[in-house]
Amino acid sequence: MSDLVLEIKDVSKTFRHHMNRKKTKVVKNLNCGFLKGQCTGFLGHNGAGKTTTLKMIIGLITPDSGEILLNGKTLERQDRANIGYLPESDRLPMTLNAAEVLSLHLRMIGRSFDKKPAVMIQESLEKVSLWEARKVRIGKMSKGMRRRLAWAMATIHQPELFILDEPFSGLDPVARRDMRTWINDLKVANKSLVLCTHELWTMPLLCDQVYIMKKGELVYSSDKHPGSGATFHLSFSGTDVENVKKISNQLKLAEPAFLNQSGYVVEMGFKDYSLANQYLKTGLEAGLVLVEFNGSKVVSESEALKFF
């Protein structure tokens, strides 16, 4: 079974400008995978193609080519009920109140729930400190209150995948703290998140994996083999893939998350330290030359700036 909750395969999107009919390819043959139970940072400068990619995932626009998979299957319209989306801009009906907005949202999702809608609405509004303001019209709410309501909308139906587009945009320090707490709560609950942002400080604090886009293309991945789920990397020289497989079969070791030959070096990736350590000891005892053994590291803020 795949460890990917979401896969983007060879996806491209071109827009045509109305004034001069010039075409602009904003997403170019994008390939990346998002791991289950992890927070993946999806970074890039303004106009890099991040939001366009997210809109294709949730169905607001259609890719020109390529495919998007959810749990290994082509993402269909009905599957989007399992996605929670927090947009960059909160476009809410100004004449409705918070409780009415959530009630309408639950009806639009179109599936049954274990709890009654009224209970779900109260719990969601209490979570974002809006229960006492549940009858306040959206038009009279502050920007911070609207952002809290948008979070409630994205999470009330308990989806398996959360897509957060610039969640910290325009928030004051207290609201930023709350947003960070809510994201961490989802991480603790082992939920899958895509955090789309250009705020680099979020990476070491919130992200387990990072992709960086530039001018519509993927220019950086924190995983040497995107989507493998490997946390620890081990490289040996003086051997080849077939020899490593032979040794592992003799000792009945579980297979690495990935096993690759790069010139004279064999690269391996592992999801847990104990298995990586077994291969390390076995390789050293067999006389192989150790080239690298380390854990995956999310790119630092200064390193990420090089890709902007």
Side-chain angles (χ1 to χ4, degrees), residues 1-8 31-43 69-73 160-162 180-181 183-195 202-212 218 220-301 303-304:
M1 181 180 243
S2 174
D3 290 313
L4 297 178
V5 63
L6 180 70
E7 295 176 77
I8 298 174
N31 286 278
C32 52
F34 300 86
L35 293 164
K36 294 179 181 178
Q38 292 198 9
C39 179
T40 301
F42 199 49
L43 285 71
L69 307 178
L70 183 70
N71 292 320
K73 298 180 180 179
E160 63 175 316
L161 173 64
F162 297 84
R180 179 178 164 186
T181 298
I183 292 174
N184 275 321
D185 287 346
L186 293 179
K187 284 169 59 74
V188 171
N190 204 37
K191 298 295 184 179
S192 305
L193 297 93
V194 178
L195 176 58
T202 61
M203 291 186 300
L205 295 176
L206 297 172
C207 299
D208 304 297
Q209 179 186 16
V210 169
Y211 292 125
I212 300 178
L218 191 67
Y220 174 84
S221 169
S222 60
D223 189 345
K224 292 182 179 180
H225 294 254
S228 69
T231 301
F232 301 95
H233 296 93
L234 174 63
S235 299
F236 284 116
S237 66
T239 187
D240 56 32
V241 168
E242 292 306 317
N243 187 42
V244 171
K245 287 182 177 179
K246 181 179 178 181
I247 294 173
S248 64
N249 287 335
Q250 289 174 344
L251 299 176
K252 297 182 179 180
L253 297 176
E255 293 183 0
F258 70 81
L259 180 60
N260 182 58
Q261 184 87 38
S262 179
Y264 297 101
V265 176
V266 172
E267 301 174 335
M268 291 170 273
F270 305 89
K271 297 178 183 180
D272 61 85
Y273 176 79
S274 60
L275 183 58
N277 194 42
Q278 284 181 295
Y279 272 84
L280 173 63
K281 291 180 178 178
T282 300
L284 293 176
E285 290 171 356
L288 306 184
V289 178
L290 177 64
V291 176
E292 177 187 39
F293 181 50
N294 59 28
S296 296
K297 294 185 294 184
V298 175
V299 63
S300 68
E301 184 170 344
E303 290 173 326

- Query: Which distance, rounded to the nearest 0.5 Å, do you find between the CG of Leu218 and the CZ of Phe42?
  - Reply: 7.0 Å
- Message: For the CD atom on Gln261, are there more than 12 heavy atoms of other groups (residues, nucleotides or ligands in this structure) within a distance under 6.0 Å?
- Response: yes
- What distance do Ile212 atom CD1 and Cys32 atom SG have between them, rounded to the nearest 0.5 Å? 12.5 Å
- Message: How long is the straight-line distance from CD of Glu285 back to CD1 of Ile247, given to the nearest 0.5 Å?
- Response: 10.5 Å
- Separation of Ser192 OG from Leu70 CG (nearest 0.5 Å): 9.5 Å
- Item | Any Lys281 side-chain heavy atom under 4.5 Å of Leu284 side chain | no
- Check Tyr211 against Ser221 and note the closest heavy-atom contact, atom names and distance. CE2-OG, 3.3 Å
- Task: List the atom of Ser235, the atom of Val265, and the distance in Å for their closest heavy-atom pair.
- Result: CB-CG1, 3.8 Å
- Message: Can you confirm whether Asp208 sits close enough to Leu35 that some side-chain heavy atom of one is under 4.5 Å from a side-chain heavy atom of the other?
- Response: no
- Message: Quick check on Lys245: does its NZ atom have over 12 non-hydrogen neighbours (other residues, nucleotides or ligands) under 6.0 Å away?
- Response: no
- Item | Side chain proximity check, Asn71 to Val5, heavy atoms < 4.5 angstrom | yes
- Does the side-chain contact (heavy atoms from CB on, under 4.5 Å) test come out yes or no for Val266 and Leu234, once each step is laid out? CA-CA 8 Å; Val266 172; Leu234 174 63; over 6 Å; no
- Message: Counting C-beta onward and ignoring hydrogens, is there a side-chain heavy-atom pair between Leu43 and Leu195 closer than 4.5 Å?
- Response: no
- Which atom of Leu259 lies closest to which atom of Met268, heavy atoms considered: CD1-CG, 3.2 Å
- Message: Contact between Phe258 and Glu267 at the side-chain level, heavy atoms closer than 4.5 Å - yes or no?
- Response: yes
- For the rings on Tyr279 and Phe236, is their centre-to-centre separation under 6.0 Å? no
- Knowing that exactly one of Leu193, Leu161, Thr40 qualifies, which makes a side-chain contact (heavy atoms from CB on, under 4.5 Å) with Phe34? Thr40
- Is the side chain of Lys187 donor-acceptor paired with the backbone N or O of Leu206 at a distance under 3.5 Å, no angle test? yes
- Task: Could you label the plane-to-plane angle of the Phe232 and Tyr273 rings as parallel, tilted or perpendicular, counting under 30° as parallel and over 60° as perpendicular?
- Result: perpendicular
- Item | Side chain to side chain, Asn260 and Val241, heavy atoms closer than 4.5 Å | no
- Query: How long is the span from the CD1 atom in Ile183 to the OG1 atom in Thr202, to the nearest 0.5 Å?
  - Reply: 8.0 Å
- Quick one: pull up SG in Cys207 and CD in Gln38 and give me the separation to the nearest 0.5 Å. 10.5 Å
- Query: Can you tell if the side chain of Asn277 reaches within under 4.5 Å of the side chain of Phe270, non-hydrogen atoms only?
  - Reply: no
